[in-house]
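In this chain, numbering begins with 1 at the start of the sequence shown. Every number for a ligand or one of its atoms is a count from 1 in the order of the listing.
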Amino acid sequence: MAYETILVETRGKVGLITLNRPNALNALNSQVLAELLAAVEGFEKDGTIGAIVLTGSEKAFAAGADIKEMQSQSYVDMYLGDFFSGWEAFTRTRKPIIAAVAGYALGGGCELAMMCDFIIAADTAKFGQPEITLGVMPGMGGSQRLTRFVGKSKAMDMCLTGRMMDAAEAERAGLVSRVVPAGEVVEEALKAATKIAGFSLPSVIMNKEAVNRSYETTLAEGLRFERRLFHSMFALEDQKEGMTAFVEKRAANFQNR
Ligand code: HXC
């Protein structure tokens with residue numbers, strides 16, 4: 001597929017996707033969604049890829065859903081088209097996706113970053129849910145995911161005032177996992193993704209599944225789910241390899257089986 005709104009590359013075992021609509025600050029329209037889903041699906045099927053990095057430009061990760069595309073839509077258009085539901089497919093990706101965020105991550109941009117597994121931010125990053133300034137509200141998960149990340153008080157503040165959070169505040173609040181100097185964010189994310197891609201893919205996917213389950217279930221059920229996955233890992237050759245390598249004081253050589 002020839003992409004027009006994203007750039008897709010591989011760096012060793014890592015798939016790198018760069019949002020590329022510079023004239024619209026990477027605003028997310030239907031074409032971006034279709035291309036992003038196709039690129040992610042390609043990396044999911046590619047046995048040489050172990051992790052994915054999603055990034056934007058230095059100025060904007062993404063400044064939101066495309067306001068110009070939404071502006072004249074009616075309620076019926078939105079409802080019958082089930083607008084934004086397509087993004088759910090992105091969240092079903094099994095391989096880890098790291099968001100490398102520099103500049104603006106607003107509205108749908110912030111929501112897309114939160115759909116990734118974790119966020120590494122440049123010190124220039126600015127997060128916000130400014131939909132209220134447009135007379136609407138978050139529509140790609142912001143009111144739910146942001147609240148789970150940063151708690152009710154800050155999420156309310158962000159959604160009701162539309163103010164932006166800088167990288168330092170986002171790190172304090174637990175929205176991002178680390179902050180690095182501008183210009184290093186993609187390299188840092190690629191480094192983290194390369195590290196992940198060097199581990200056993202089945203165990204990587206199960207780790208991701210278990211952490212995500214904590215959002216969907218009770219503590220008791222989540223603990224049971226974790227324990228059952230943990231038990232099942234002892235059917236992996238990579239479990240034997242990982243533990244044997246430790247005992248033999250050598251690096252593990254995982255085979256994804
Ligand atoms: C469409 C956008 C856009 C967006 C920016 N652009 N954001 N186009 N949708 N979300 C376009 C501008 O129209 C402009 O195009 C070009 O990108 C550059 O933007 P400027 O505004 O000139 O840049 P700047 O002055 O640096 O300001 C940057 C900014 C501002 C603060 C990020 O662009 C901004 O406020 N953008 C909108 C942010 C926002 O409200 N996001 C939430 C969207 S709603 P032209 O052609 O004029 O040069 C959403 C969820 C919707 O995401 C869910 C509910 C339905």
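Other members of a hydrophobic cluster containing Leu7 are absent, since no ILVMFWY side chain comes under 4.5 Å of it, directly or through relayed contacts.
For Thr161, the side chain to side chain contact (heavy atoms under 4.5 Å, CB included) partners are Asp157, Arg163, not counting sequence neighbours. Qualifying side chain to side chain contact (heavy atoms under 4.5 Å, CB included) partners for Ser30, counting only residues two or more places apart in sequence or in other chains: Glu69.
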Checklist entry - Where do Ile196 and Ile98 land on the side chain to side chain contact (heavy atoms under 4.5 Å, CB included) test, with the steps shown first? => result CA-CA 10 Å; Ile196 293 167; Ile98 304 173; 4.1 Å; yes

Checklist entry - Hey, mind stepping through Arg94 and Leu201 against side chain to side chain contact (heavy atoms under 4.5 Å, CB included) and telling me if it holds? => result CA-CA 10 Å; Arg94 300 182 81 204; Leu201 185 60; over 6 Å; no

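Listed by chain and residue number, the protein contacts of ligand 1 are Asn23, Ala24, Leu25, Ala27, Lys59, Ala63, Gly64, Ala65, Asp66, Ile67, Lys68, Met70, Phe84, Tyr104, Leu106, Gly107, Gly108, Pro130, Glu131, Leu134, Val136, Met137, Gly139 (heavy atom within 4.0 angstrom).
Heavy-atom contacts from other residues, nucleotides or ligands closer than 6.0 Å to CD of Glu9 number more than 12.
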